[in-house]
Amino acid sequence: MSEADRISLLTVFQTLKTKTARLLEPIVQAEGLTPLQASVLLQLVQKDAAVGDISEVTCMGQANASSLCKKLEQGGYLTRSRDRADGRVVTLSLTPEGRAAAGRIQAKLNQFLELINALPAELRGDLMRGLQAATQMLDYLFDQTKGDQKSC
């Protein structure tokens with residue numbers, strides 16, 4: 001890989017991160033949340049989950065996921081309860097406030113999906129294949145540099 005390619009790769013990583021944050025942060029900040037907290041709420045809209053499940057989905061350690069969920073609980077977005085069968089498992093459920101916030105966030109994100117759907121089918125396909133390839137590349141790099149840790 002040439003020096004120009006190395007610089008280009010780093011620039012692409014940083015640009016994707018920056019532009020994604022510029023799109024998402026105003027949406028989630030309007031709810032008083034971070035993008036990661038909003039992601040947790042959107043996961044819980046689907047179904048209640050254990051802290052371990054959230055840890056896997058968000059690609060963060062279980063202690064960090066637990067801390068993040070405690071903050072969401074303190075904010076009134078979710079409740080945490082011990083599993084009756086296994087008291088070590090903490091199950092997360094959205095409160096009505098959490099469900100409403102997730103709904104508002106999803107409605108705003110749906111606007112992005114509508115814009116993407118308005119693109120010509122061929123371009124949409126190219127973009128999706130490019131995103132999938134980028135994800136595979138990042139998974140590969142993560143696997144090669146982090147040993148036994150799971151990729152996201």
Side-chain angles (χ1 to χ4, degrees), residues 7-119 124 127-152:
I7 293 169
S8 177
L9 183 62
L10 292 173
T11 301
V12 166
F13 285 158
Q14 186 58 43
T15 300
L16 286 171
K17 180 182 176 188
T18 301
K19 288 186 176 186
T20 300
R22 283 177 46 198
L23 278 171
L24 296 179
E25 283 178 0
I27 293 170
V28 299
Q29 285 175 350
E31 298 295 333
L33 300 168
T34 66
L36 196 51
Q37 290 171 326
S39 177
V40 169
L41 294 187
L42 293 174
Q43 289 296 320
L44 293 174
V45 165
Q46 306 297 318
K47 66 177 183 169
D48 292 354
V51 172
D53 298 330
I54 296 301
S55 173
E56 284 186 32
V57 169
T58 59
C59 300
M60 62 190 319
Q62 190 148 349
N64 288 338
S66 181
S67 177
L68 180 128
C69 292
K70 283 179 186 176
K71 289 179 184 174
L72 287 169
E73 180 182 36
Q74 290 167 351
Y77 295 100
L78 60 82
T79 59
R80 297 161 25 101
S81 59
R82 294 272 175 201
D83 186 87
R84 290 181 189 177
D86 185 348
R88 297 170 296 171
V89 176
V90 176
T91 301
L92 308 167
S93 303
L94 288 178
T95 63
E97 181 181 340
R99 193 164 297 284
R104 290 187 296 270
I105 291 166
Q106 189 61 58
K108 291 175 184 171
L109 293 176
N110 285 344
Q111 293 173 350
F112 294 149
L113 296 176
E114 289 173 17
L115 291 171
I116 291 168
N117 276 338
L119 294 170
R124 253 191 344 263
L127 290 171
M128 291 307 295
R129 284 187 293 281
L131 288 171
Q132 289 167 347
T135 299
Q136 289 172 347
M137 178 190 63
L138 291 169
D139 285 346
Y140 168 78
L141 292 172
F142 191 85
D143 288 344
Q144 296 303 307
T145 60
K146 295 294 183 186
D148 295 336
Q149 293 182 12
K150 289 183 180 179
S151 62
C152 299

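Atom set for the values below is all heavy atoms of this structure, side chains included, hydrogens, waters and symmetry mates excluded.
Under the salt bridge (Lys or Arg N to Asp or Glu O under 4.0 Å) criterion, no residue pair touches residues 93-102, with sequence neighbours excluded. The list of side chain to side chain donor-acceptor pair (under 3.5 Å) pairs with a residue in residues 62-76, not counting sequence neighbours, reads Glu73-Arg80. Applying the side chain to side chain donor-acceptor pair (under 3.5 Å) rule to pairs touching residues 16-25 yields Gln14-Thr18, sequence neighbours excluded. For the side chain to side chain donor-acceptor pair (under 3.5 Å) condition, the pairs that include at least one residue of residues 105-118, sequence neighbours left out, are Gln106-Asn110.
Interatomic distance, Cys59 SG to Leu36 CG, rounded to the nearest 0.5 Å: 9.5 Å. Separation of atoms OG1 (Thr79) and CG (Leu94) is listed at 8.0 Å; rounding is to 0.5 Å.
In this structure, Thr95 contributes its side chain and Tyr77 its backbone to a donor-acceptor pair below 3.5 Å. Using a distance-only test at 3.5 Å, with no hydrogens or angles considered, a donor-acceptor pair links the side chain of Ser55 to the main chain of Met60.
Closest approach of Ala21 and Pro26 over heavy atoms only: O-CD, 4.0 Å. Minimum interatomic distance between Leu41 and Gly98 (heavy atoms only, all atoms of both residues): CD1-O, 4.2 Å. Closest of all the heavy-atom pairs between Pro35 and Val28 is N-CG2, 3.6 Å.
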request  = Go through the steps to decide whether Leu109 and Leu42 satisfy the test side chain to side chain contact (heavy atoms under 4.5 Å, CB included), and finish with yes or no.
outcome  = CA-CA 11 Å; Leu109 293 176; Leu42 293 174; 3.8 Å; yes
inquiry  = Determine whether Leu68 and Thr58 satisfy the following criterion, side chain to side chain contact (heavy atoms under 4.5 Å, CB included), listing intermediate values before the conclusion.
reply    = CA-CA 11 Å; Leu68 180 128; Thr58 59; 5.9 Å; no
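Considering only residues two or more places apart in sequence or on other chains, Ser8 meets the side chain to side chain donor-acceptor pair (under 3.5 Å) condition with none of them. For the side chain to side chain donor-acceptor pair (under 3.5 Å) test, residues two or more places apart in sequence or in another chain that qualify with Arg104 are Glu31.
Side-chain contact between Arg82 and Val90 is present, with at least one heavy-atom pair separated by less than 4.5 Å. Taking 4.5 Å as the limit, every side-chain heavy atom of Leu127 sits out of range of all side-chain heavy atoms of Ile116.
Each of Leu72, Asp53, Asp48, Ile54 was checked for a side-chain contact (heavy atoms from CB on, under 4.5 Å) with Leu92, and the lone residue meeting it is Ile54.
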